[in-house]
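Just so you know, residue 1 is the first one in the sequence shown, and it goes up from there.
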Amino acid sequence: MARHNRDGSGSDQRGYEYEVHYQPDWFRLVKVTRTLDSGRQSTKTLYRNPVSRRKSRPGRRIRTGIRSPEQELDVEVSVLDPRRRVKRVRIACEVPTGDGGTEVVEFTVEGGLPPAR
């Protein structure tokens, strides 16, 4: 039986704070990719699950939420995976910039925690 979601937090390359809601027996980490002022693209691990092995079998549905009030960002992705084959989910979000424009920020959610020994 799947366990309740857990909460974590982290900050990205520009110092924006995020809250991450994740399933403890599937989720390994979430990375954030954004374009820096120099034009280069940068990827940073936003949050990593503090456990390295799962305690029980993941559920059939993968659910992960990412929230950043500063950027007016509040997304949750839910994927039905009855055969438990999903290893990675990518999410691209458009967020406002300080100058009235927008930019795309991409999140990569990785799963696949190994079973308990």
### Message
Counting C-beta onward and ignoring hydrogens, is there a side-chain heavy-atom pair between V105 and T33 closer than 4.5 Å?
### Response
no
### Message
Just to verify, what does E17 make a salt bridge (Lys or Arg N to Asp or Glu O under 4.0 Å) with, not counting sequence neighbours?
### Response
none
### Task
Report yes if some heavy atom in the side chain of V20 is under 4.5 Å from a heavy atom in the side chain of F107; otherwise report no.
no
### Summary
Sorted by chain and number, sequence neighbours left out, salt bridge (Lys or Arg N to Asp or Glu O under 4.0 Å) with R6 holds for none
### Query
Between D74 (side chain) and R67 (backbone), is there a donor-acceptor pair under 3.5 Å?
no
### Task
Verify the distance criterion only: is there a donor paired with an acceptor across the side chains of E94 and T102 at less than 3.5 Å?
yes
### Query
Tell me, which pairs form a salt bridge (charged side-chain N to carboxylate O under 4.0 Å, His left out) where one or both residues lie in residues 35-53, sequence neighbours left out?
R14-D37
### More than 12 heavy atoms of other groups within 6.0 Å of R84 CZ
yes
### Task
Kindly indicate whether the side chain of T43, heavy atoms from C-beta on, has any atom under 4.5 Å from the side chain of V32.
no
### Message
For residues L46 and L73: do they belong to one hydrophobic cluster (side chain heavy atoms under 4.5 Å, members Ile, Leu, Val, Met, Phe, Trp, Tyr)?
### Response
yes
### Query
Which atom pair, heavy atoms only, marks the closest approach of P114 to S52?
CD-O, 3.4 Å
### Query
Hey, are E110 and K31 close enough for a salt bridge, meaning a charged N less than 4.0 Å from a carboxylate O?
yes
### Message
Tell me the closest heavy-atom pair linking Y16 and R34, and the distance in Å.
### Response
CD1-NH1, 3.6 Å
### Query
Taking all atoms of both residues into account, what is the closest heavy-atom pair of V75 and C93, and its distance?
CG1-SG, 4.0 Å
### Task
Please work out whether the ring planes of Y47 and Y22 are parallel, tilted or perpendicular, with thresholds of 30° and 60°.
tilted
### Message
Restricting to salt bridge (Lys or Arg N to Asp or Glu O under 4.0 Å), what partner residues turn up for R54, sequence neighbours left out?
### Response
none
### Query
Quick check: are there more than 12 heavy atoms from other residues, nucleotides or ligands sitting under 6.0 Å from CD of E72?
no
### Message
How long is the straight-line distance from OG1 of T45 back to CZ of R28, given to the nearest 0.5 Å?
### Response
9.5 Å
### Query
Is a donor on one side and an acceptor on the other found under 3.5 Å between the side chain of Q13 and the backbone of S42?
yes
### Message
So, using salt bridge (Lys or Arg N to Asp or Glu O under 4.0 Å) as the criterion, who are the partners of R61 when residues are at least two apart?
### Response
none
### Task
Run through the side-chain heavy atoms of Ile, Leu, Val, Met, Phe, Trp and Tyr, join any pair under 4.5 Å, and report what else lands in V104's cluster.
none
### Message
Would you say that F27 contacts V51 through its side chain, given a criterion of any heavy-atom pair below 4.5 Å between the two side chains?
### Response
no
#### Entry: Closest non-hydrogen atom pair between Q71 and D12, with its separation
NE2-OD2, 4.4 Å
## Note on the structure
Smallest heavy-atom separation, D99 atom then G101 atom, equals OD1-N, 3.1 Å
### Query
Do you reckon V89 sits in the same ILVMFWY cluster as L113, going by side-chain contacts under 4.5 Å, direct or chained?
no
### Message
Can you tell me how far apart OG (S11) and CD (E70) are? Round to the nearest 0.5 Å.
### Response
10.0 Å
### Task
Ignoring hydrogens and angles, state whether a donor on the side chain of D7 or H21 is under 3.5 Å from an acceptor on the partner side chain.
yes
### Query
What's the spacing between K87 NZ and W26 CH2 if we round to 0.5 Å?
8.5 Å
### Query
Between atom CG of N5 and atom OG1 of T64, what is the distance when rounded to the nearest 0.5 Å?
7.0 Å
### Message
Can you tell me if K55 has over 12 outside heavy atoms packed within less than 6.0 Å of its NZ?
### Response
no
### Query
Looking only at heavy atoms, what is the nearest atom pair of S56 and D25, with distance?
OG-OD2, 3.0 Å
### Task
Could you check if a side-chain atom of I91 sits within less than 4.5 angstrom of a side-chain atom of V109, using non-hydrogen atoms only?
yes
